[in-house]
Engineer: 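I have a structure here, written as structure tokens, and I will follow up with some questions on it.
Residue numbers start from 1 in every chain, and the chains themselves are labelled A, B, ... in the order their sequence lines are given, proteins ahead of strands. Please read these numbers as outputs of a predicted model, since none were measured by experiment.
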Number of protein chains: 2
Amino acid sequence: MKKNERHHLLRKLVQEDVIKKQEDFVDKLHERGIEVTQATISRDMKELQLVKAPAQNGGYRYNLPPEIDYDVSQKLSRLMKDAFVSIDTQREFVLIRTLPGNAFALAALIEAARYKEMFGCISGDDTVLVISRDEKSAQRLQKKIISFI
Amino acid sequence: MKKNERHHLLRKLVQEDVIKKQEDFVDKLHERGIEVTQATISRDMKELQLVKAPAQNGGYRYNLPPEIDYDVSQKLSRLMKDAFVSIDTQREFVLIRTLPGNAFALAALIEAARYKEMFGCISGDDTVLVISRDEKSAQRLQKKIISFI
DNA sequence: GGATAAAGTGTATAAATATACTGAAGAATT
DNA sequence: AATTCTTCAGTATATTTATACACTTTATCC
């Protein structure tokens, strides 16, 4: 079992089962004949950005990344690496320039990412304008977007 | 300092500062002359449902609840307790019945909650119809919604 | 008010998680 | 092919987080 396969399985398991702690993952994998240690799971959690969240019912449960979907994240990363030109903020606005023709796709992904800082998002051919909730949010957004490159 | 005030402050801090571990909270509060121990913070994290999430840059950071805003959650809980009548799923649909006149408010809150399982949501006077992404999601949604009662 | 219950917190510690260190296995380089 | 580099994962352990227990404070009831 390759690491990548395991990652996919973990993402599947975390959605289907209630995983309260990393050892639960170890056990679930063990049931499937896959041997890993808690240490490996801890590293997997980090890479997949899974979080142990307090649940409504008082317990804990591992969850998918809070804010941004893994797939969206992957796509954003790819597109940013491919088509990103520049980024800047002014007041509550974040302006992203891309290679011609890529802004619309980028805007769609940014929408899909559902950043809590974001208020709205419009795009032209090579420009995405993100309107955030305030100045601080704009800066935070800029950082987040840059981090994909 | 009352627990509730502290909770508000924690929610503020977690948005403004990078909090990597619970001790960071203890320190931040200490700076403001508020004395608490890590144990209390752990309990606060649980009640506020804050999560320690792996960050893009490789570190960790405490975050607000992943999927659902604290206020929204509170309101949903209140409204569900007040106005909920019944819930059922069929295929990828979840149908919620409420006391007359409450469905619109409930739908608005469900929208605000931005469940990842949800595709869309419409409402009448006493009925909310949630369209989810697939059958499994519908069941998961049902559970989540019931859990507010 | 006094009694009783409920909520909140610290201390100490158990439980869970992250990581330094190490070695194995494969890929890349010469 | 030998050497070096990189990735991966286990072991052992450090770090972090959760909680049992005890005590204090606050609310509730009579």
Engineer: Answer yes or no: is there a side-chain heavy-atom contact under 4.5 Å between A/Phe84 and A/Thr98?
Structural biologist: no
Engineer: On a heavy-atom basis, which atom in B/Asn63 and which in B/Ala53 lie closest, and how many Å separate them?
Structural biologist: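 Looks like ND2-CB, 3.5 Å.
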Engineer: Between B/Thr40 and C/dG10, does any side-chain N or O lie under 4.0 Å from OP1 or OP2?
Structural biologist: yes
Engineer: Quick one: on DNA chain C, does B/Lys3 or B/Lys52 contact a more 5' nucleotide (nearest heavy atom)?
Structural biologist: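 That would be B/Lys3.
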Engineer: Check the distance between C/dA16's P and B/Gln22's CD and give it to me in whole angstrom.
Structural biologist: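 So the two atoms are 15 Å apart, to the nearest Å.
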Engineer: With a 4.0 Å cut-off on heavy atoms, is A/Phe25 in touch with a base, just the backbone sugar-phosphate, or nothing at all?
Structural biologist: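 A/Phe25: no heavy atom of the nucleic acid under 4.0 Å.
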Engineer: Hey, does the side chain of A/Arg6 come within less than 4.0 Å of D/dC8's phosphate (OP1/OP2), counting only N and O?
Structural biologist: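 For A/Arg6, the contact criterion (side-chain N or O under 4.0 Å from OP1 or OP2 of D/dC8) is not met.
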Engineer: What's the CD-C1' distance between A/Glu47 and C/dA18, to the nearest Å?
Structural biologist: 13 Å
Engineer: Nearest whole angstrom, please: distance from the C1' of C/dA25 to the CE of A/Met1.
Structural biologist: 18 Å
Engineer: Base of D/dA18, side chain of B/Gln38 - is there a donor-acceptor contact under 3.5 Å?
Structural biologist: yes
Engineer: Any N or O donor-acceptor pair under 3.5 Å from the base of D/dG10 to the side chain of A/Arg43?
Structural biologist: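 Flag set: donor-acceptor pair detected.
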Engineer: Does the distance from a Lys or Arg side-chain N to an Asp or Glu carboxylate O, for B/Arg43 and B/Glu47, drop under 4.0 Å?
Structural biologist: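 Answer for the salt bridge query: no.
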Engineer: In whole angstrom, give the distance that lies between atom NZ of B/Lys20 and atom P of D/dT15.
Structural biologist: 15 Å
Engineer: Against the six-membered ring of A/Tyr60, is A/Lys52 placed for a cation-pi contact (under 6.0 Å from the centre, within 45° of the normal)?
Structural biologist: yes
Engineer: Of the non-hydrogen atoms in A/Gln142 and A/Asp88, which two are nearest, and what is the gap between them?
Structural biologist: NE2-CA, 3.8 Å
Engineer: Check the phosphate of C/dA15 against A/Tyr60, side-chain N and O only, distance under 4.0 Å to OP1 or OP2. Yes or no?
Structural biologist: no
Engineer: So which of residues 26-37 of chain A are in contact with DNA chain C, with a heavy-atom cut-off of under 4.0 Å?
Structural biologist: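 Within this stretch, nothing sits under 4.0 Å of the strand.
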Engineer: What is the distance from NZ of B/Lys46 to C1' of D/dT19, rounded to the nearest Å?
Structural biologist: 8 Å
Engineer: Taking OP1 and OP2 of D/dT16, is either one under 4.0 Å from a side-chain nitrogen or oxygen of B/Tyr62?
Structural biologist: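 No, outside the criterion.
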Engineer: I need the NZ-P distance between B/Lys21 and C/dA16, as an integer number of Å.
Structural biologist: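 After rounding, the gap between these two atoms is 21 Å.
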Engineer: Roughly, in whole Å, what's the span from CD in A/Glu23 to C1' in C/dA18?
Structural biologist: 13 Å
Engineer: At under 4.0 Å, does any side-chain N or O of A/Ser42 touch on OP1 or OP2 of C/dT17?
Structural biologist: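 So the side-chain polar atoms of A/Ser42 never come under 4.0 Å of the phosphate oxygens OP1 or OP2 of C/dT17.
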Engineer: Whole Å only: how far is the CZ atom of B/Arg61 from the P atom of D/dT16?
Structural biologist: 18 Å
Engineer: Using a 6.0 Å cut-off, check whether atom CD of A/Glu5 has over 12 heavy atoms from anything other than its own residue.
Structural biologist: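 Buried by this count: over 12 neighbours within 6.0 Å.
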